Number of protein chains: 2
Amino acid sequence: MSRYKEILDHIARYVELSDSEIAEFISILKITRVKKRQFIIQPGFVSEYRNYIVKGAVRVFYLDDVGKEHTVSIGVEDWFFTDFSSYLNRTPAKYFAEALEDSVIIQMKYDDVEELCEKIHALSQYFRLFIEKALSYANERVITNISKTSEERYWDYVNKYPQIANRVPQYVLASYLGISAESISRIRSKS
Amino acid sequence: MSRYKEILDHIARYVELSDSEIAEFISILKITRVKKRQFIIQPGFVSEYRNYIVKGAVRVFYLDDVGKEHTVSIGVEDWFFTDFSSYLNRTPAKYFAEALEDSVIIQMKYDDVEELCEKIHALSQYFRLFIEKALSYANERVITNISKTSEERYWDYVNKYPQIANRVPQYVLASYLGISAESISRIRSKS
DNA sequence: GTGTAATCTTGATGCATATCAAGATTTATG
DNA sequence: CATAAATCTTGATATGCATCAAGATTACAC
C-alpha cells in the first residue's frame, strides 16, 4: 500500500502539482518505517533527509553536556522534521531524532529536494509557504518561553495541542517546554 | 540615490534574476525612512509588509500583560522583519517593531510578494532558501534559551554577534535573551 | 502473568535570577 | 552647555523552579 497520499494531500493544501510533477516528486521519496525508540538522526552523522511524518510521532532533541535532554520539536502526522542546520549545511547533526511511536516517515534527500525545487516552481512554493508558517510558530515559541511562567507554558500547550500532550510522555513535553519533569508533575497535581 | 543595490546583492547571493525580473521586483518595493524610536509595526494594526533593512537597526518586541518587553528579533542590515503571524494571516499584529537607529527599510506588501513569487520562480526560491536559514536559527535559539544559563546565553551572543551587541542598548539585548537588565549588568561587571 | 524497565509522583533543599529601589552615568535636545 | 531623558549600575530581598532522592505506578517483554 502506498503512503504517498498523505503528503500529496498536504502539498495540495498549498499548491497544485501536475501529474508528471507528482510522478517526479514521488521518485525522490523513500518510505521508512521506524520502531518506537529508534533513532532517525544521531549527533555526528549528517542529517541527510527532510523527513515527513505519515504516521506516528517523532521528537528531535538535544543532549547537553550534563546529559540533560532538550526537545527541539515534537512532530506527529503531517509534520516535517530534520536537524535543519545539519541538513542545510551538510554538517554533522547536533540533535537526535527519536521515534516516540512506531512510525512511517517519508524521506527526501537535500540534493533531490533542491534539484526538484529548481525545476518545479510549485514545489518550491510549497516548501516556502510551509516553512514561513513554521517560522511564525518558532517565533511564538521563543516569546512564550521567555515571557511566561512554567505553569502558563504547560497549560497553554495542553490547551493548544491536547492530542499531542496526551500522546507523548510527560518528560518529553517537559523538556520541550523547558520545565523539569518533577515540576510538570506538580503543576498537574494542582488541578 | 537608489537603495535597491543592497537587496539585489542579497538576492544575488541565493539566486539569479534577469533584468526584467529585477525591474518587476523593484516595482513592488517601497523605500521608507524611519527615525530612531519610531514604530514600524504596532499591535492592533495588520503588519502589511515584509521589511528589509537597508541601513540601521530594528527590533521586534512583545509587550506582555504586566508591561514587560520581550524582544523577538534584533535586525540590522540585510535582515528581514515583520510580525510574521500578522503578515501571513492578515490579522492584527501582536508585536511592535521599533527602529533602534535612524533606518532605511524596503517594504513589500504581502499580495505583491505572493503574486511575484507565483510568477518568478527564482524569487520564490530566494525567500524559501533565506527562510530555511532563519528557521534553523530560530530552532537554535529555542534550545539555547532552555538549555543554557543566563551567563552562557549572554556571552554566546556577544561572541557570535559582537557588532550587534555593541550597537543596541543592553536592556534590548537582555529582553532578547530573556534576562533582566540588572542581571546583564552584573554579568558584565564580573569580567 | 511475572519481572524488569520506563515513567510519574512527592518531599526536602538550594540556588540562579527576578524584583524592588535608588543612585550614577551616559546620551539626546533645544 | 544645560537640562532632561534614557540607560546602566549596585545592593538587598524574594521566589520559582531545579535538583536530589526514593518510592509508586504503569507499560512492556519474555
Side-chain angles (χ1 to χ4, degrees), chain A residues 35-39 56-57 59 61 63-71 74 96 98-102 143-158 164-191, chain B residues 34-39 56-57 59 61 63-71 74 96 98-103 143-158 164-191:
Chain A
K35 301 285 303 170
K36 182 171 177 171
R37 259 174 272 275
Q38 185 178 335
F39 291 132
R59 70 158 171 156
F61 69 95
L63 195 65
D64 72 18
D65 16 300
V66 297
K68 240 175 97 176
E69 295 176 2
H70 304 279
T71 297
I74 301 173
F96 289 89
E98 177 197 28
L100 295 171
E101 307 170 358
D102 293 354
I143 292 307
T144 303
N145 276 345
I146 63 183
S147 72
K148 303 214 171 185
T149 65
S150 296
E151 206 165 334
E152 287 169 328
R153 295 205 298 284
Y154 176 72
W155 291 118
D156 280 4
Y157 189 92
V158 169
I164 300 181
N166 282 330
R167 210 166 149 181
V168 307
Q170 248 163 69
Y171 71 89
V172 167
L173 191 51
S175 75
Y176 176 85
L177 296 171
I179 312 175
S180 73
E182 294 93 329
S183 291
I184 289 256
S185 176
R186 278 184 259 267
I187 288 166
R188 298 192 73 213
S189 73
K190 274 210 243 174
S191 77
Chain B
V34 288
K35 304 284 303 170
K36 182 171 177 173
R37 260 176 271 276
Q38 185 179 334
F39 292 132
R59 70 157 171 156
F61 70 95
L63 195 66
D64 72 17
D65 16 300
V66 298
K68 242 176 96 178
E69 294 175 4
H70 304 280
T71 296
I74 301 172
F96 289 88
E98 177 196 30
L100 296 170
E101 306 170 358
D102 292 355
S103 304
I143 292 306
T144 303
N145 277 344
I146 63 182
S147 71
K148 304 213 172 186
T149 65
S150 296
E151 206 165 336
E152 287 170 327
R153 294 205 299 282
Y154 176 73
W155 290 118
D156 280 4
Y157 190 92
V158 169
I164 300 181
N166 282 331
R167 208 167 152 182
V168 306
Q170 250 164 64
Y171 71 88
V172 167
L173 191 50
S175 76
Y176 176 85
L177 296 171
I179 310 174
S180 73
E182 294 94 329
S183 290
I184 289 255
S185 176
R186 277 183 261 266
I187 288 166
R188 299 192 72 212
S189 74
K190 275 210 242 174
S191 80

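So you know, we letter chains A, B, ... as the sequences are listed, proteins then strands, and number each from 1. Heavy-atom basis, side chains included; hydrogens, waters and symmetry copies ignored. None of the values given here were measured: they were computed from a predicted structure.
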Base dG11(D) paired with Arg186(B) side chain (donor-acceptor, <3.5 Å):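 Between dG11(D) and Arg186(B), which were checked side chain against base, a qualifying N/O pair under 3.5 Å is present.
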
Sugar-phosphate only, base, or nothing, as touched by Ile179(B) at under 4.0 Å among non-hydrogen atoms: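 The residue Ile179(B) makes sugar-phosphate contact but no base contact.
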
Would you say [N] has OP1 or OP2 under 4.0 Å from some side-chain N or O of [X]?
X         : N       : answer
Lys36(A)  : dC28(D) : yes
Ser189(A) : dT9(C)  : no
Ser185(B) : dC8(D)  : no
Ser183(B) : dA18(C) : yes
Lys68(A)  : dT19(D) : yes

Which heavy atom of [X] sits nearest a heavy atom of [Y], and at what distance?
X         : Y         : answer
Tyr176(A) : Ile146(B) : O-CD1, 4.0 Å
Gly67(A)  : Leu63(A)  : O-CD1, 3.7 Å
Glu69(B)  : Ser175(B) : O-CB, 3.3 Å

Distance in Å, Leu177(B) CG paired with Ile187(B) CD1, rounded so as to fall on 0.5 Å steps: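 Here the interatomic distance stands at 8.5 Å.
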
Presence of salt bridge, Asp102(A) and Lys36(A), under 4.0 angstrom: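 So Lys36(A) does not pair with Asp102(A) through a salt bridge.
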
From the options [options], select the nucleotide whose nearest atom is closest to the side chain of [X].
X         : options                  : answer
Tyr171(B) : dT19(C), dA18(D), dT7(D) : dT7(D)
Gln170(A) : dT19(D), dC8(C), dA6(D)  : dC8(C)
Glu182(A) : dT9(D), dA12(D), dA21(D) : dA21(D)
Arg37(A)  : dT9(C), dA6(C), dT10(D)  : dA6(C)
Pro169(A) : dA18(D), dC8(C), dA18(C) : dC8(C)
Ser180(B) : dA18(D), dT9(D), dA18(C) : dA18(C)

Rounded to whole angstrom units, what separation is found between the [atom1] atom of [X] and the [atom2] atom of [N]?
X         : N       : atom1 : atom2 : value
Arg188(A) : dT7(C)  : CZ    : P     : 15 Å
Glu151(B) : dC15(C) : CD    : C1'   : 14 Å
Lys148(B) : dA18(D) : NZ    : P     : 19 Å
Lys190(A) : dT10(C) : NZ    : P     : 13 Å
Glu101(B) : dA28(C) : CD    : P     : 11 Å
Ile146(A) : dA18(C) : CD1   : P     : 11 Å
Leu173(B) : dA6(D)  : CG    : C1'   : 17 Å
Ile184(A) : dC17(D) : CD1   : C1'   : 12 Å

Donor-acceptor under 3.5 Å (Ser147(B) side chain, Ile143(B) main chain):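 Yes, because the side chain of Ser147(B) sits within donor-acceptor range (under 3.5 Å) of the backbone of Ile143(B).
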
